[in-house]
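Heads up: the structure comes next, in structure tokens.
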2 protein chains.
Amino acid sequence: MAALKHSRQRDAIKSNLMHRRDHPTADMIYADIRKDYPSVSLGTVYRNLSLLTEIGEIQRLASTDGAVRYDGNLQPHDHFICTRCGRIADVEPADRTALRMQARQLDGIVQDCQVNYYGLCGDCKTQEAM
Amino acid sequence: MAALKHSRQRDAIKSNLMHRRDHPTADMIYADIRKDYPSVSLGTVYRNLSLLTEIGEIQRLASTDGAVRYDGNLQPHDHFICTRCGRIADVEPADRTALRMQARQLDGIVQDCQVNYYGLCGDCKTQEAM
DNA sequence: TTGGGTGCAAATCTTTTGCAGGTGT
DNA sequence: ACACCTGCAAAAGATTTGCACCCAA
């Protein structure tokens, strides 16, 4: 395992992700970071997001729409994805008892479990009705 | 809403997806279909997979590894994703009571809920130990 | 006949990578 | 000094799209 060195860019990326509540793509983080560090490159953002994911400091979210999204919230929680506008909102974690029972019966080692709700968010529900 | 016309290609794509138990990417389906219809194009596969997803005949699976995967199994079920080999296996659906309670409190309309387990599948667990 | 469907190829978008030079320890 | 990290740009991978032609209803 390679030794980690401190890097200003990695700090900025992590800090940016921790301070926002949406669940940005690499590109969204890149755009935001560049306001403070105009020289950062997209490749560096990708490299660091992968690195941070590997060492467990952030989480990669599964998605249906092409681009992978990242989450800096390490507390257990679920997600609500609006199928109309694509927004991803954090949701209080549901009770995992039933899921854990299921996981125990699988042939393998379950390390994590993600719950995603899909539907229309409050805003889109209103607009859909018009 | 545009009227749907029958198409041999769409049939082949749907049929292919329904008859396999893995959770293929568009490209995997394309490769398979071409054995029977060598003239099918990748664009057509993508167009039809999106169409079938929209009308609810198949399901798009959220993923963390770049390529979107498709599932022709419409029965309620969950997924176990191996973080080592990428395999996605169907899992008996866990009891949804707790999840439904959570969903009811959200500001919006929840139409669907996906549960993903992540970890090492049986095969990879064995190999990891060596 | 007519509008949806298709093949093909180019375009777009997302993510990865090779390389030469920069930087933390 | 020695790795690790970075910026840049090219490459690779995934998906979409414009267009002319084809086909089902």
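None of these values were measured; they are calculated from a predicted model. In what follows, chains carry the letters A, B, and so on, assigned in the order in which the sequence lines appear, proteins first and then strands, with residues in each chain numbered from 1. Values reported hereafter were calculated over all heavy atoms of this structure, with side chains retained and with hydrogens, waters and symmetry mates removed.
Alongside Met18(A), the hydrophobic cluster contains no other residue (criterion: ILVMFWY side chains under 4.5 Å). Cluster partners of Leu106(B), using a side-chain heavy-atom cutoff of under 4.5 Å among ILVMFWY residues and allowing indirect links, are Phe80(A), Val91(A), Leu99(A), Leu106(A), Val110(A), Val115(A), Tyr117(A), Phe80(B), Val91(B), Leu99(B), Val110(B), Val115(B), Tyr117(B).
Put simply, the residue from Leu17(A), Val45(A), Asn16(A), Asp27(A) that forms a side-chain contact (heavy atoms from CB on, under 4.5 Å) with Asp32(A) is Asn16(A).
Between the CG atom of Asp65(A) and the C1' atom of dT12(C) there is a distance of 15 Å, given to the nearest Å. Rounding to whole angstrom units, CD of residue Glu54(A) and P of dT16(C) are separated by 11 Å. One interatomic measurement links the two molecules: CG of Asp11(A) to C1' of dG24(C), which rounds to 12 Å at whole-angstrom precision. Tyr30(A) places its OH atom 15 Å from the P atom of dC13(C), with the value rounded to the nearest Å. Residue Leu49(B) contributes atom CG, which lies 14 Å from atom P of dA14(D) at whole-angstrom precision. The separation between Lys14(A) atom NZ and dC5(D) atom P is 15 Å, rounded to whole Å. We find that OH of Tyr37(A) is positioned 16 Å from C1' of dG22(C), with the value rounded to whole Å. Note: CZ (Arg10(A)) to P (dT23(C)) measures 15 Å, nearest angstrom.
Partners of Thr97(A) by side-chain hydrogen bond (donor to acceptor under 3.5 Å, both in side chains), not counting sequence neighbours, listed by chain and number: Asp95(A). Remark: Asn73(B) pairs with Asp71(B), Gln75(B), His77(B), Asp90(B) by the side chain to side chain contact (heavy atoms under 4.5 Å, CB included) rule, at least two apart or across chains.
No side-chain donor-acceptor contact under 3.5 Å links His79(A) to the backbone of Ala89(A).
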Counting primed atoms, P, OP1 and OP2 as sugar-phosphate and everything else as base, the B/S/- map of nucleotides 15-25 of chain D against protein heavy atoms under 4.0 Å is BBBB-----BS

side-chain hydrogen bond (donor to acceptor under 3.5 Å, both in side chains) for Ser50(B) and Thr53(B)? Distances and angles first, verdict last. CA-CA 5 Å; Ser50(B) 289; Thr53(B) 301; 6.0 Å; no

| request: Apply the test side-chain hydrogen bond (donor to acceptor under 3.5 Å, both in side chains) to residues Ser63(B) and Asp65(B): give CA-CA distance (whole Å), side-chain angles for both, the deciding distance (0.1 Å), then the verdict. | output: CA-CA 6 Å; Ser63(B) 88; Asp65(B) 70 347; 3.1 Å; yes

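The side chain of Gln9(B) approaches dT6(C) more closely than any other nucleotide in the set dT6(C), dG7(D), dG5(C).
Proximity of Asp78(A) to Glu92(A): side-chain heavy atoms (C-beta onward) are nowhere separated by under 4.5 Å.
End-to-end axis angle for the helix from dT1(C)-dA25(D) to dT25(C)-dA1(D), using five pairs per end and rounding to 10°, comes out at 40°.
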